[in-house]
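Heavy atoms only: backbone and side chains are in, while hydrogens, waters and symmetry mates are out. Owing to the predicted nature of the structure, the values given are computational and were not obtained by experimental measurement. To find a chain, count down the sequence lines: A is the first, B the second, and so on, and within it residues start at 1.
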There are 2 protein chains.
Amino acid sequence: MQDTTIQATKRAAITNQSQAVSADLIAVVIAVTNGEPRVLTIEQAQALPSGPFELGHRSLQSGLRAWVERQTGHPLGYIEQLYTFADRDRTGDERVQISISYLGLTREEHAERSAAHGWRGWYDYFPWEDHRAGVPSILPDILMPRLQAWAGEADDPDMRHDRWQRVAIAFGFDDRHWNEELVLQRYELLYEAALVAEATRSWDNGNRPSIPGRSMIADHRRILATGIARLRTKIKYRPVVFELMPPTFTLLQLQRTVEALAGRLVHKQNFRRLIEQQDLVEETGETMSDTGGRPAKRFRFRQTVLAERAVAGTKLPISRA
Amino acid sequence: MQDTTIQATKRAAITNQSQAVSADLIAVVIAVTNGEPRVLTIEQAQALPSGPFELGHRSLQSGLRAWVERQTGHPLGYIEQLYTFADRDRTGDERVQISISYLGLTREEHAERSAAHGWRGWYDYFPWEDHRAGVPSILPDILMPRLQAWAGEADDPDMRHDRWQRVAIAFGFDDRHWNEELVLQRYELLYEAALVAEATRSWDNGNRPSIPGRSMIADHRRILATGIARLRTKIKYRPVVFELMPPTFTLLQLQRTVEALAGRLVHKQNFRRLIEQQDLVEETGETMSDTGGRPAKRFRFRQTVLAERAVAGTKLPISRA
DNA sequence: TCCTATTATGCTCACGTTGAGTATAACTCG
DNA sequence: CGAGTTATACTCAACGTGAGCATAATAGGA
């Protein structure tokens, strides 16, 4: 093999400086209960489950599973990698901290409640993201004027224009459409405008009150935003919603789950048409009659299509216009 | 702030075991020249540019840029993160190696040639991925029978079926359509079937000749596959192709670039329709007359739409059927 | 029992998108 | 000047998608 040079280079480098690295695993674990999307948290809902990647872990994924189970008692099902970032460690020493974040999906069940950890509705952290009941008032009443002020306070007129354009696109101002996938861009704009608590914590500015929405330690809320954005994108082309569903369900329950995630409503008949024509589900034969109307057929996810669709795609009628 | 517990936990863990971590940055740098997609390599085209993440690096991205420039003399433009994985280090000691891979796009220009590094056509590594001139003969002649044999040699009939189904979906056998995005799945199947050199290197089996296609050290070819897959997906909804184009170009040049990346041809008239109706480009006023036919208008990418489209999406007429 | 509210489910329709093909236009080269 | 080649403008049918109408099946109360 001719890779001797490379391996030698690596070894040399490793022996020098790069050992001053530690790797953290951070989990965004999502479940949907009673039509509300929730995230698994620790530390009084101020942090995501996380812990260092250790020698004992067989892989990044298994390390993550171990940490989440240890900290919350909740076993993980589906997980996928989100993003990796590095920061000069805030603890002071000259160590570099690498954080590898994951998105996990489960159902909220055997979750043992405790004071230290628990499920929190994700809209507690991002109240401007829930458009199921129309545009939330926080948007026109609070965010819009504050962001407008932020854009306007730039010196350069070009920069003012640029700021406002980014804001308008991300938040759907100026007659633009709301795009539910831009969760991260929105959070980052609010951070840049110093409207969220995380942005104002370190340097002291006493006078600017932050906007509604629960905050988290370090950049955990940013990671949560990344996870939500990924999930909102992904449900449109991969059958991941089913990871969040009980074994059997009605189409309305499925729809409510999708709506909870997307933060917007979908056309009922079109939703059913799309789900059924894709052969994603099959009837169990039973019906469910306690929802106040005509009984609904129960469905079950067709495991068979997993192999095919996991690769070939799925569609959901969430408008893109 | 209430994050003291967490920070304490982190510090404790860092001091214990997790310092035995080193982080590598690996780059998949792509350019398209003369209608051929190429990847920047080192070590006689057997490795991707890479190096350890060091204390001196301000961020992961800047560390990566530094390594690529040092090893190849080529400055990077657009880059995005691909994936992070961890492996027990192959150098023997009990260190854990974390690899963070990136996709970079540039134009092959100031690239100083040298024996050690250079641009290599990516289809040298994946000859079965180029369908521009129809289904490459390697698919029916070599891959198909060898994969069939591999599927058939499983003991369990269920496993035989499962193997063949995965193969058929990934490679478009049994009258299925070729899906150019499944680059990684295809490579992984070939690896699982021990048909690529990387899979047979470590344990000795002298008798199974590997299939055509240049190999790389460690898992670099796998990372390249990840990058190609990402790029093939991304050109369909983000205007990243323009990162690979010269300042001005004809629509045919643009089309050829897209085709080179996707590994398949597109309908010319529809391609133009789509590009133009999205206002992605504007005429420069000049024309280009050395292509053997009617002179083509020169176009330039409209930087203006970057802000909007970077977020709002783009479309390319690469059939999904 | 019948009416009302509520959810389930089937079906239609208009419209935009997309794959595919036809028809010209404008060059170069021999 | 005709052949070859590329550019560019249109047309058309099929399909996907958003939206709405209509009917079915249940519970609960008048």
Donor-acceptor pair, Y123(B) side chain versus A260(B) backbone, under 3.5 Å? yes
Earlier contact from the 5' end, DNA chain D, for R273(B) and L251(B): L251(B)
Whole Å only: how far is the CD atom of Q277(A) from the C1' atom of dC15(D)? 10 Å
Flag the pair E108(A) and R38(A) as a salt bridge only when some basic side-chain nitrogen lies within less than 4.0 angstrom of an acidic carboxylate oxygen. yes
Before giving the answer on side chain to side chain donor-acceptor pair (under 3.5 Å), spell out for E80(B) and Y78(B) the whole-Å C-alpha distance, their side-chain angles and the decisive distance to 0.1 Å. CA-CA 7 Å; E80(B) 76 176 58; Y78(B) 172 92; 2.4 Å; yes
Below 3.5 Å between N/O atoms, which protein atoms pair up with nucleotides 2-4 of chain C? Just atom names and distances, please.
none

Rounded to whole angstroms, how far apart are CG on N270(A) and P on dA8(C)? 16 Å
Between E283(A) and K297(A), does any side-chain N to carboxylate O distance fall below 4.0 Å? yes
Is it the case that the side chains of E129(A) and H131(A) hold a donor-acceptor pair, with the cut-off being a distance below 3.5 Å and no angle test? no
Value in whole Å for how far the P atom of dG19(C) lies from NE2 of H177(B): 12 Å
Check the angle between the aromatic planes of W128(B) and F126(B) and answer parallel, tilted or perpendicular using the 30° and 60° thresholds. perpendicular
State whether a side-chain donor-acceptor pair under 3.5 Å links W122(B) with D130(B). no
Rounded to the nearest angstrom, tell me the gap between atom CZ in F299(A) and atom P in dA8(C). 11 Å
Regarding R298(A) and T248(A), is there a side-chain donor-to-acceptor distance under 3.5 Å anywhere? yes
Whole-Å gap separating P (dG16(C)) and CG (L274(B)): 16 Å
Nearest-Å distance, CD (Q255(B)) to C1' (dG19(C))? 14 Å
Closest nucleotide among dT6(D), dG10(C), dT17(D) to the E276(A) side chain: dG10(C)
Check this one for me: any side-chain N or O of K268(B) less than 4.0 Å away from OP1 or OP2 of dT8(D)? no
For the residue pair R186(A) and W178(A), would you count it as a cation-pi contact if the rule is NZ or CZ under 6.0 angstrom from the ring centre and within 45 degrees of the ring axis? yes
Considering only heavy side-chain atoms of K297(B), the closest of dT8(D), dG19(C), dA8(C) is dT8(D)
In whole Å, I'd like the distance from the CZ atom of R264(B) to the P atom of dG19(C). 11 Å
Could you check how far CD of E283(A) sits from P of dG10(C), rounded to whole Å? 9 Å
Its contact letters, B for base, S for sugar-phosphate only and - for none at protein heavy atoms under 4.0 Å, make nucleotides 21-30 of chain D read B--BBB----
